[in-house]
Amino acid sequence: MTNAISHPRPVFDANASGGRDLGKLPEWDLSDLYEGQDAPELKRDLDWLEDACARFAQDFEGKIAGLDAAGFLEMVQRHEKIEAVGGRLMSFAGLRYYQNTMDSERAKFLSDLQEKVTIYTTPLVFFSLELNTVEDDAYTALFEANDELARYKPAFDRIRAMKPYQLSDELERFLHDMGVVGDAWMKLFDETIAGLTFTIDGEDMSIEAALNFLTEQDRSKREAAARELARVFGENIRTFARVHNTQAKEKEVMDRWRGMPSAQMGRHLSNDVEPEVVEALRDAVVAAYPRLSHRYYELKRKWLGLETMQVWDRNAPLPMESTRIVGWDEARDTVMQAYAGFDPRMAEIAAPFFDKGWIDAGVKPGKAPGAFAHPTVTDVHPYVMLNYLGKPRDVMTLAHELGHGVHQVLAAGQGEMLASTPLTLAETASVFGEMLTFRAMLDKATDPKERKVLLAGKVEDMINTVVRQIAFYDFECKLHEARRGGELTPDDINALWMSVQAESLGPCFEFMEGYESFWAYIPHFVHSPFYVYAYAFGDGLVNALYAVYQEDPAGFEDKYFDMLKAGGSKHHKALLAPFGLDASDPRFWDKGLSMIEGFIDELEAMEG
């Protein structure tokens, strides 16, 4: 999910972003969750959750080791129901908040509900802790004794992976309760970002619109935006440094108590991926910097007619690129035709997102930045958020988030405990959806200039997904390691940021004064430490998958749908085996990176 960067311009309305006629943009209808925050069903569910959690603890705490398979299955099903009700409550409150993060009433409702759900679910902390005290032989026998229970084993295997890092029941309850305090730092970050005002060309705007200026044709506008972003980040850098210091220190304390061997280990465990697989990905990408980003940006420097690239040129459109705005209807048709071209079933699953209020597309005052797809709970449906401005890349964002939505719909059949995929696999369908849309557009392009623009845009997206995210990952690794040695000043963090930027972008770039603070607005660093490598993992995985599809399309679609339907019920090795792929093989990542190189080869050949 791309719960990323940027924030909208306050003066925009949903259907006329920046004076652009984008057509009628869809808005969320959250009534499939609850009619409103005062809905009687919401209070009913909250009351039920409090009672259900208390009864669950009363019935099962201290008794798990003595349960037979039937009793264990009943416990699992009751726990799953609790997860579903709690998830519905928090999804509703969270999505309402993201529609307008500046609305103090919505923020209070989310915060109050979060506190209640945390208090109500505290008695459940014993569940995973006690499960990990069951002897291995007894644990294996339980799942062998009941086929319906055996289906849940992958979820419990992931819980047991935490066994070496588990604390006492009392400490785990304490940490559960303290989670609300850690969340407050995330909210401070979100509200600070949402409240920033940038003034460009005499117009006040929020971060979504300011960042959008970095993709303008007019270079002076891009420079003005970059310098204004740097100015505002610089004025607020102490707040951002405080958030990062506190979050990193909190993580270090927890990791130390748990005996985690590294700051990244918790993320690897939650992603169900081996550390050596992530390091193989990281090393392959870093080794490929000269063949990927350095080489591409040198091409782009020539296209732009520049002696040196500045940071505000990184996402600049090409001189021959059209500045036309893509209306919403055209964006929808482009993505839906690409999905249907792969398999009509994919378009059928995607259609309700457009027709039933499952997408919120417009840029509106106070709306959260970026884009994401939120799965809510398995008995409802996902919701997609965009900040659609009509740029060609916004079409790719729609394809990306809709891919998540399709994945989440297909995986819902697994139920609450198994539907959710690790982050490394969660990006598979989204990046594949982008690839389908890109290929469909490329196949239609008859003009060499149009083909060049499409190829260059795809290469830039891949560099942003692979190179940039691995650079982000390296930055986080350095940040968390440095924080273990003591408090970091803003200048300390700035230096860590610049150490990865120059390496990843290459020698054709110069860095303006102030760019060193651009780490400040990346929400993943605060919300989900080490999330970012999942994007590179997903891109590499999809590139390898697509290569298999091109080589032998027969039967691919059914295998692909089976992979998405599996949700989190299978390890990445089992999911990729039907395609003859293995992410633990170092050559796997080279297969994915070679697709990006191939696109750059084609662009260079056009120059010849």
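- Distance CG/L211 to OH/Y521: 5.0 Å, rounded to 0.5 Å.
- No side-chain heavy atom of K458 sits under 4.5 Å from any side-chain heavy atom of L442.
- Salt bridge K249/E252: present, at least one basic N to carboxylate O contact under 4.0 Å.
- Here the CD atom belonging to Q99 is positioned 9.5 Å from the OH atom belonging to Y383, to the nearest 0.5 angstrom.
- With salt bridges taken as basic N to acidic carboxylate O contacts below 4.0 Å, one links R301 and E298.
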Y297 vs W303, ring pair (Phe, Tyr, Trp, His ring centres under 6.0 Å): CA-CA, chis, key distance, verdict: CA-CA 10 Å; Y297 288 130; W303 293 333; over 10 Å; no
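- A salt bridge links D601 with R295: at least one charged nitrogen is closer than 4.0 Å to a carboxylate oxygen.
- Between the side chain of D313 and the backbone N or O of Q310, at least one donor-acceptor pair lies under 3.5 Å.
- With salt bridges taken as basic N to acidic carboxylate O contacts below 4.0 Å, one links R332 and D329.
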Chi angles and distances behind the side-chain contact (heavy atoms from CB on, under 4.5 Å) call for E516, F511: CA-CA 8 Å; E516 65 274 7; F511 298 95; over 6 Å; no
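- Under 4.0 Å is where a charged nitrogen must lie from a carboxylate oxygen, and between R231 and E228 at least one such pair does.
- Taking CD1 of I193 as the reference point, atom CG of L188 lies at 10.5 Å (rounded to 0.5 Å).
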Criterion salt bridge (Lys or Arg N to Asp or Glu O under 4.0 Å) on R291 and E597, from CA distance to verdict: CA-CA 7 Å; R291 308 195 307 274; E597 287 187 74; 3.3 Å; yes
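- Annotation: the span from L110 atom CG to D103 atom CG amounts to 11.5 Å, rounded to 0.5 Å.
- The two residues H407 and L425 make their nearest non-hydrogen contact at CE1-O, 3.7 Å.
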D461 and D539: CA distance, side-chain angles, deciding distance, side-chain contact (heavy atoms from CB on, under 4.5 Å) verdict: CA-CA 10 Å; D461 286 344; D539 198 273; over 6 Å; no
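- In this structure, the side chains of V285 and Y533 stay at 4.5 Å or more apart for every pair of heavy atoms.
- Across N212 and T215, no two heavy atoms sit closer than the pair O-OG1, 2.7 Å.
- At least one side-chain heavy atom of M462 sits less than 4.5 Å from a side-chain heavy atom of M435.
- A perpendicular orientation is assigned to the rings of F233 and F240, their planes being inclined by more than 60° (bins at 30° and 60°).
- For the pair R96 and E105, the salt-bridge criterion is met [side-chain N within less than 4.0 Å of a carboxylate O].
- Closest of all the heavy-atom pairs between V326 and A331 is CG1-N, 3.9 Å.
- F509 approaches T308 most closely through the heavy-atom pair C-CG2, 4.1 Å.
- Q469 places no side-chain N or O within donor-acceptor distance of the main-chain N or O of A536, the cut-off being under 3.5 Å.
- Between R258 and L175, the closest side-chain pair of non-hydrogen atoms falls below 4.5 Å.
- Proximity of a side-chain donor or acceptor of S293 to a complementary backbone N or O of S504 within less than 3.5 Å is detected.
- Minimum interatomic distance between S270 and P422 (heavy atoms only, all atoms of both residues): O-CB, 4.1 Å.
- Side-chain atoms of Q264 and V278, non-hydrogen and from C-beta on, never get closer than 4.5 Å to each other.
- Distance alone, capped at 3.5 Å, places no donor-acceptor pair between the D394 side chain and the Y388 backbone.
- A donor-acceptor pair is defined here as one N or O able to donate and one able to accept, closer than 3.5 Å; no such pair exists between the side chain of S111 and the backbone of K108.
- When M265, R484, H480 are each tested for a side chain to side chain contact (heavy atoms under 4.5 Å, CB included) with D255, only one passes: R484.
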Test log, rule side-chain hydrogen bond (donor to acceptor under 3.5 Å, both in side chains), inputs N315 and R222: CA-CA 9 Å; N315 285 325; R222 298 199 305 270; over 6 Å; no
Verdict with reasoning, Q247 to M186, per side-chain contact (heavy atoms from CB on, under 4.5 Å): CA-CA 9 Å; Q247 292 278 80; M186 295 182 204; 3.8 Å; yes
Intermediate values then yes/no, side-chain hydrogen bond (donor to acceptor under 3.5 Å, both in side chains), S91 and H374: CA-CA 8 Å; S91 292; H374 179 58; 2.9 Å; yes
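- Using a 30° and 60° split on the angle between ring planes, F372 and W28 fall in the tilted class, from 30° to 60°.
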Check against side-chain hydrogen bond (donor to acceptor under 3.5 Å, both in side chains), T489 and D492: CA-CA 5 Å; T489 67; D492 292 334; 3.1 Å; yes
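- A salt bridge between E487 and R242 is present, with a side-chain N of the basic residue lying under 4.0 Å from a carboxylate O of the acidic one.
- Looking at T334, its side chain does come within 3.5 Å of a backbone N or O of E330 through a donor-acceptor pair.
- Under a cutoff of 6.0 Å and an axis angle of 45°, R282 and Y473 do not form a cation-pi pair.
- Note: D360 CG to Y98 OH = 14.0 Å, rounded to the nearest 0.5 Å.
- At a threshold of 4.5 Å between non-hydrogen side-chain atoms, the residues T376 and L95 count as touching.
- I596 places none of its side-chain heavy atoms less than 4.5 Å from the side chain of Y296.
- A salt bridge between E460 and R393 is present, with a side-chain N of the basic residue lying under 4.0 Å from a carboxylate O of the acidic one.
- Considering OG1 of T118 and CG of L113, their distance stands at 9.0 Å, rounded to 0.5 Å.
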Worked verdict on E427 versus H400 for side-chain hydrogen bond (donor to acceptor under 3.5 Å, both in side chains): CA-CA 9 Å; E427 293 302 326; H400 181 103; 3.2 Å; yes
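- Between L423 and R267 the shortest side-chain heavy-atom distance falls below 4.5 Å.
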Full working for ring pair (Phe, Tyr, Trp, His ring centres under 6.0 Å) between H404 and F353: CA-CA 12 Å; H404 277 308; F353 283 84; over 10 Å; no
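- Put simply, the side chain of N494 never gets that close to the backbone of Y515: no donor and acceptor are under 3.5 Å apart.
- Ring planes of Y289 and H294: tilted class, angle from 30 to 60°.
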Criterion ring pair (Phe, Tyr, Trp, His ring centres under 6.0 Å) on F472 and F525, from CA distance to verdict: CA-CA 9 Å; F472 283 178; F525 299 157; 5.4 Å; yes
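- Nearest heavy-atom pair, D474 versus V286, reported as atom, atom and distance to 0.1 Å: OD2-CG2, 3.9 Å.
- Using modelled atom types, no side-chain atom of R451 and backbone atom of A445 make a donor-acceptor pair closer than 3.5 Å.
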Candidate pair D190 and T101, rule side-chain contact (heavy atoms from CB on, under 4.5 Å), full reasoning: CA-CA 8 Å; D190 290 342; T101 62; 5.8 Å; no
